[in-house]
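Okay, structure first, notes after.
Quick caveat, the model's predicted, so the values are computed rather than measured. Counting starts at 1 for both ligands and their atoms, following the listed order.
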Amino acid sequence: MRIHRTHTMLAAAAVAALVTGPAVPSAQAKPGGTGSTGTAAVFMVNPVQSSGDQSLSDQNDAASAVPASAYATVPLRNLDGSGYLRGAWAVVDSATGTPAYSATNSFFYDRHQDQFEQVMGYFWVNQAQEYLQSLGFGSTLPGVLDAPFSVKVDQYGGDNSYETSKPFRIRLGKGGVDDAEDAEVIVHEYGHAVHQSQVPGFGASLDAGSIGEAFGDYFAVSVGLAAAQQYGWPVRAEAACPMDWDATSYTDAPHCIRRFDTGLTVADRIGEVHYDGQIWSQALWEIRQGYVGLGLGTTRWDATLIASQFGYAPDTSFSAAARQTYRTALARDGKKAAALVQARFAARGITI
Ligand SMILES: [Ca+2]
Ligand SMILES: [Ca+2]
Ligand SMILES: [Ca+2]
Ligand SMILES: [Zn+2]
């Protein structure tokens, strides 16, 4: 049975009562760091994806559960020079562990240290924003989340993470594998924030909520694959697999929280956004492959998809959102691309 749980988006009111925790130290509490680019150790998306080892498991957050080869040294860009994980596109708050601080902007931790998840949060939100900007958002296209975005890492109950609009941030939990140890969890949540930034209140219908989950999964995988290409990291698990590492806590191998090849259509809807989202995400993934086949490439599709999302109503239907995507593809990428979009949505039972 498919797991459809976790990594949801809560209404602000439902979350308000949960938002507590110690005050975050002032960024000015210690002397500043040495500049805007630091260095850090992060997972190459996640240890299962980079190693292909489906037998890895959390082992109660033991450092020894994951080999040193799963970590990569990366530049940590756009820091504000305070020595904390704060910068132009991400600001990390943590309720677990001392906030990571380095006077030399050098952030090397292992997965057992709470600061590791803080580093992952900073790196991957910055990485996702840089990816959006590489697509043209903030230059040739309107900006999306191009301001410091709040990332909170904490112990909040169970195995779940959230994006909330008040306060506007993502919150990464620590059930099972710590959620922030898997870039695809972080970027999934950031994907919800992308939608909220584009269309405030997005997700006000079952279809819109399902589209939100689907886009989060798709965006997580796409940003991770782009990063693997950018940094030369191995991808040794199935590409179309969100959250390979986090999902070791609650799936059988191969570990994927959800899939893009379920074959589900609108006739199979069960009224649950994560499950039903697999109808939409399969179309997104197949269109991606089709854009490659047309010689347009994956980034062309990602730019078109995200550009189209500005035109989705907060309570859109699958059909209306597909129509908007079709029109955007037609205007930006031509008739063949638009026909591809129409065909892949039609295969899922979504008619425009
Ligand atoms: Ca950890
Ligand atoms: Ca988890
Ligand atoms: Ca993956
Ligand atoms: Zn979600």
Side-chain angles (χ1 to χ4, degrees), residues 4-10 41-52 54 58-66 70-71 94 96-97 109-121 153-155 160-164 170-196 202-203 208-228 233-249 251 254-260 272-278 280-281 285:
H4 29 90
R5 57 190 283 277
T6 83
H7 313 297
T8 184
M9 184 180 68
L10 282 190
V42 297
F43 284 153
M44 298 177 281
V45 179
N46 66 56
V48 175
Q49 176 166 318
S50 62
S51 73
Q54 299 283 342
D58 184 48
Q59 297 177 37
N60 200 21
D61 204 29
S64 60
V66 171
Y71 297 81
S94 178
T96 54
Y109 302 99
D110 68 50
R111 68 180 292 262
H112 181 66
Q113 297 174 284
D114 289 326
Q115 291 79 12
F116 180 68
E117 283 105 56
Q118 300 169 25
V119 172
M120 285 285 285
V153 183
D154 69 20
Q155 291 282 9
N160 216 338
S161 291
Y162 303 98
E163 179 269 338
T164 61
I170 58 175
R171 191 179 169 100
L172 301 162
K174 292 173 76 76
V177 170
D178 295 337
D179 287 4
E181 288 190 26
D182 191 328
E184 289 172 328
V185 178
I186 299 167
V187 181
H188 172 104
E189 299 307 326
Y190 192 68
H192 285 302
V194 166
H195 265 305
Q196 291 303 318
F202 184 80
S210 302
I211 288 169
E213 297 306 333
F215 174 70
D217 287 349
Y218 173 82
F219 189 56
V221 167
S222 188
V223 167
L225 292 174
W233 296 338
V235 179
R236 297 197 173 107
E238 187 183 356
C241 173
M243 310 185 197
D244 327 46
W245 175 224
D246 193 66
T248 60
S249 302
T251 61
H255 303 289
C256 310
I257 188 171
R258 289 172 287 272
R259 301 194 59 90
F260 301 154
E272 197 283 326
V273 291
H274 302 90
Y275 183 85
D276 294 359
Q278 294 175 110
W280 190 262
S281 61
W285 185 256

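Residue Cys241: an N/O/S atom is found under 3.0 Å from the Ca ion (ligand 3). In summary, Glu213 places an N/O/S atom under 2.8 Å from the Zn ion (ligand 4), meeting the contact criterion.
In this pair, Phe43 and Phe116 present their aromatic rings perpendicular. The plane angle is above 60°, beyond the 30 to 60° band. Using cut-offs of 30° and 60° on the angle between ring planes, the pair His188 and His192 is perpendicular. Between Tyr218 and Trp285, the angle of the ring planes goes over 60°, which puts this pair in the perpendicular group of the 30/60° scheme.
Gln49 contributes OE1 and Glu184 contributes OE1; the angle these two atoms make at the Ca ion (ligand 3) is 110°, rounded to 10°. Geometry note: the Zn ion (ligand 4) is the vertex, His188 NE2 and His192 NE2 are the arms, and the angle is 100° (rounded to 10 degrees).
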* Given salt bridge (Lys or Arg N to Asp or Glu O under 4.0 Å), test Asp58 with Arg111 step by step and report yes or no. => CA-CA 10 Å; Asp58 184 48; Arg111 68 180 292 262; 2.4 Å; yes

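With hydrogens and angles disregarded, no donor-acceptor distance shorter than 3.5 Å links the side chain of Asp244 to the backbone of Cys256. Although no hydrogens or angles enter the test, the distance criterion places a donor-acceptor pair under 3.5 Å between the side chain of Arg236 and the main chain of Ser50.
We find that Lys174 and Asp154 are not joined by a salt bridge, their nearest charged nitrogen and carboxylate oxygen being 4.0 Å or further apart.
Excluding waters, the set of protein N/O/S atoms under 3.0 Å from the Ca ion (ligand 1) reads Asp61 OD1, Arg111 O, Glu117 OE2, Asp178 OD2, Glu181 OE2.
Per residue Asp244, closest N, O or S atom to the Ca ion (ligand 3): atom name OD1.
Looking at heavy atoms from C-beta onward, Glu184 lies out of side-chain contact with Val187 at the 4.5 angstrom threshold.
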